[in-house]
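Worth saying up front: this structure is predicted, and the values here are computed from it rather than measured. Atoms within each ligand, like the ligands themselves, are counted from 1 in listed order. Only heavy atoms go into these numbers, but all of them, side chains included; no hydrogens, no water, no symmetry mates.
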Amino acid sequence: MILDAEIKAQLAQYLQLMENDIVLKVSAGDDEVSRDMLALVDELATMSSKIKVEKTTLERTPSFSVNRIGEETGVVFAGVPLGHEFTSLVLALLQVSGRPPKVDQAVIEQIKNLKGTYRFETYVSLTCHNCPDVVQALNVMSVLNPNVSHTMIDGAAFKEEVERKDVMAVPTVFLNGEPFASGRMSLEEILAKLGSTPDASTFEEKDPFDVLVIGGGPAGATAAIYAARKGIRTGIVAERFGGQILDTLGIENFISVKYTEGPKLAASLEEHVKHYNVDIMNLQRAKRLEKKDLIEVELENGAILKSKAVIIATGARWRNLGVPGEAEFKNKGVAYCPHCDGPLFEGKHVAVIGGGNSGVEAAIDLAGIAKHVTVLEFAPELKADAVLQDRLYSLPNVTVIKNAQTKEITGTDKVNGITYIDRATGEEHHIELQGVFVQIGLVPNTEWLEGTVERNRFGEIIVDKRGATNVPGVFAAGDCTDSAYKQIIISMGSGATASLGAFDYLIRN
Ligand SMILES: Cc1cc2nc3c(=O)[nH]c(=O)nc-3n(C[C@H](O)[C@H](O)[C@H](O)COP(=O)(O)OP(=O)(O)OC[C@H]3O[C@@H](n4cnc5c(N)ncnc54)[C@H](O)[C@@H]3O)c2cc1C
């Protein structure tokens with residue numbers, strides 16, 4: 001039995017929601033993965049009379065396609081979609097059977113109107129928490145539009161193919177055989193990349209806002225909800241609704257919720273914001289702010305939005321090393337997400353740059369997969385908590401190098417090594433390895449405010465106890481500010497503060 005009793009019980013409930021018969025067309029050999037895949041498919045068929053199974057030969061073996069009776073949908077799973085991809089499988093079964101996907105009608109229309117042929121292939125690892133969103137989005141597109149097909153490929157089951165195509169990060173998506181994108185993407189982002197984003201003219205008609213929030217992470221979402229609940233005209237502009245939590249796996253300190261996962265919390269945030277009358281402008285980036293009579297915010301697409309008050313909640317992003325080789329080999333051996341990309345470095349030698357909590361956690365995690373992990377720390381000592389350091393030093397396949405200044409990440413078409421300077425002796429050293437995980441903290445997304453809003457030497461926006469900045473009517477909240485600590489619950493609290501501060505400002509002016 002490939003599914004345990006608890007999962008089977010849950011699955012049985014989902015399968016009851018199936019609307020019409022479907023057929024799984026299976027391409028199997030006599031290898032071990034094929035046997036597991038057949039076991040899974042047979043188990044599904046015993047659980048629902050709506051699921052039929054047929055043998056066939058597909059482009060990859062082992063793989064299976066999920067089809068309507070008499071009609072190919074183009075949804076294929078190569079490998080065994082368990083782990084994080086199990087949900088993708090369940091959703092594919094339901095959606096192919098006729099259950100409508102939970103997607104806005106406007107997006108459904110956008111998908112149906114796509115012209116041309118789109119043959120997507122997504123390489124995943126079953127432990128990657130960013131992969132299912134991409135797989136599920138492309139499957140929805142495949143189900144809704146006959147010109148779109150999508151194959152999920154488990155890299156671990158197709159190692160030779162992964163090596164041949166130089167896939168070194170997951171998810172990596174190919175479109176019609178050419179590299180298309182890497183990393184987490186929403187359905188809307190994929191559609192935008194295919195060329196269907198709203199241009200500036202869509203925004204020209206908008207009346208001025210009372211409160212305009214820039215940023216759709218925990219801080220921005222909270223600020224927008226607090227403003228909308230006052231009954232004032234509220235808008236939110238976000239480059240990527242959800243923010244950093246989209247890249248977070250387990251969250252255990254979001255008080256009152258013992259355990260949740262980032263993407264799940266992001267979906268709840270969006271649902272909560274949508275419950276109110278908030279104009280959400282997702283996938284839009286602000287590039288300039290100017291205080292005139294009203295405050296004007298210019299977007300990258302050229303549109304200018306006007307508002308009486310603005311709340312900046314643009315958060316932070318991974319800090320880059322800024323050494324030669326880092327940008328060139330991004331996704332070709334240089335990685336930032338150990339949970340996602342770690343499995344692709346199975347049996348290889350990798351380095352983790354950074355000896356803080358995130359670096360040491362990454363190294364512990366990677367030591368279970370990689371052959372060897374070298375931790376490079378710039379300072380004379382690691383900065384991670386003592387419990388993490390103890391665990392790190394107990395591992396036999398980890399080397400820690402302190403006082404190490406990374407000089408270059410080397411490679412030809414992908415990473416083959418790293419060069420560092422021993423800061424104590426000035427000597428240069430080179431280590432041959434295949435992967436580098438950069439874990440050196442975060443930088444605030446505030447460069448676009450240069451010359452307008454006051455920031456400290458780290459680039460963090462300086463705010464007072466009401467979240468107000470030096471510019472009247474402009475407030476800020478969350479990781480982009482000079483708050484002492486950066487956490488979800490703290491950014492939400494400051495989002496609420498900034499919103500109440502802005503409301504107070506509006507009443508007085
Ligand atoms: C791997 C990882 C694990 C973490 N784990 C935890 C944890 O377990 N518990 C915890 O409490 N915290 C955790 N954190 C920290 C937490 O995620 C952050 O403190 C929190 O997300 C900050 O929220 P924010 O809204 O201020 O910013 P962000 O989450 O960074 O959101 C910023 C928003 O602004 C948008 N944006 C940026 N620039 C622009 C622009 N120019 N125009 C328009 N929009 C823009 C972004 O797209 C995004 O929507 C973790 C962080 C990381 C990276």
Please tell me whether Glu109 and Gln105 have a donor and an acceptor in their side chains that are separated by less than 3.5 angstrom. yes
Please check whether Glu252 reaches ligand 1 - meaning an N/O of the residue sits under 3.5 Å from an N/O of the ligand, judged on distance alone. no
Which residue owns the protein heavy atom closest to atom 16 (C) of ligand 1, what's the atom, and how far is it? Ile488 CG1, 3.7 Å
I'd like to check whether Asp479 has a polar contact with ligand 1, where a contact means an N/O of the residue lying under 3.5 Å from an N/O of the ligand. yes
Non-hydrogen protein atom less than 4.0 angstrom from atom 38 (N) of ligand 1: yes
With a sphere of 6.0 Å drawn around NZ of Lys308, does it hold more than 12 non-hydrogen atoms of other residues, nucleotides or ligands? no
Atom 27 (O) of ligand 1 [closest protein heavy-atom partner, distance rounded to 0.1 Å]: Gly315 CA, 3.2 Å
Within 4.0 Å of some non-hydrogen atom of Ile214, the atoms of ligand 1 are 42 (N), 43 (C)
With no hydrogens and no angle check, do the side chains of Gln487 and Asn253 hold a donor and an acceptor under 3.5 Å apart? yes
Find all atoms of ligand 1 within a distance of less than 4.0 Å from any non-hydrogen atom belonging to Asn253, and give their numbers and elements. 7 (C), 8 (O), 9 (N), 10 (C), 11 (O)
Under a plain distance cut-off of 3.5 Å, with no hydrogens placed, do Ser358 and Glu361 share a side-chain donor-acceptor pair? no
Does the side chain of Asn139 come under 3.5 Å of the side chain of Gln95 through a donor N or O and an acceptor N or O? no
Donor-acceptor check, side chain of Asn320 to backbone of Gly322, threshold 3.5 angstrom: yes or no? no
List every atom of ligand 1 that sits less than 4.0 Å from any heavy atom of Ala238, numbering the atoms from 1 in the order shown and giving each element. 44 (N)
of all protein heavy atoms, closest to atom 44 (N) of ligand 1 is Glu239 N, 3.1 Å
4.0 Å heavy-atom contact, Phe254 with ligand 1: no
Write out the residue and atom name of the closest protein heavy atom to atom 51 (C) of ligand 1, then the distance separating them to 0.1 Å. Gln244 OE1, 3.5 Å
Report the member of Ala286, Ala223, Pro338 with the shortest heavy-atom distance to atom 40 (C) of ligand 1. Ala286
Write down the atom of Leu246, the atom of Phe241, and the distance for their closest heavy-atom approach. CD1-O, 3.4 Å
Run the numbers for me: atoms of ligand 1, each under 4.0 Å from some heavy atom of Gly478, listed by number. 26 (O)
Ile245 N/O under 3.5 Å from ligand 1 N/O: no
Determine the sole option in Glu447, Glu300, Glu298 for which the salt bridge (charged side-chain N to carboxylate O under 4.0 Å, His left out) test with Arg285 is passed. Glu300
Do Gly242 and ligand 1 have an N or O pair less than 3.5 Å apart? no
Looking at Ala313, which atoms of ligand 1 are within less than 4.0 Å of one of its heavy atoms? 32 (C), 33 (C), 34 (O)
Are Lys486 and Asp479 ion-paired here, with the side-chain N under 4.0 Å from a carboxylate O? no
Could you tell me whether a side-chain N or O of Asn456 sits under 3.5 Å from a main-chain N or O of Phe458, the two making a donor and an acceptor? yes
Determine whether more than 12 heavy atoms belonging to other residues, nucleotides or ligands lie under 6.0 Å from atom CG of Asp504. yes
So, 4.0 Å and heavy atoms of Gln284: is ligand 1 close enough to count as a contact? yes
Do Asp341 and Tyr336 have a side chain donor and acceptor closer than 3.5 Å? no
Quick one: which ligand 1 atoms are inside 4.0 Å of a heavy atom on Gly216? 33 (C), 34 (O), 48 (C), 49 (O)
Does the N or O separation between Ala316 and ligand 1 drop below 3.5 Å for any pair? yes
With atoms numbered from 1 as shown, which atoms in ligand 1 lie under 4.0 angstrom from a non-hydrogen atom of Pro218? 21 (O), 23 (O), 24 (P), 25 (O), 29 (O)
What protein heavy atom is closest to atom 5 (N) of ligand 1, reported as residue, atom name and distance in Å? Thr248 CG2, 3.4 Å
What protein heavy atom sits nearest atom 47 (O) of ligand 1, and how far off is it? Arg240 N, 2.9 Å
Answer yes or no: is there a donor N or O on one side and an acceptor on the other, between the side chain of Asp385 and the main chain of Leu388, under 3.5 Å? no
Enumerated ligand 1 atoms positioned under 4.0 Å from heavy atoms of Asn445: 37 (C), 38 (N)
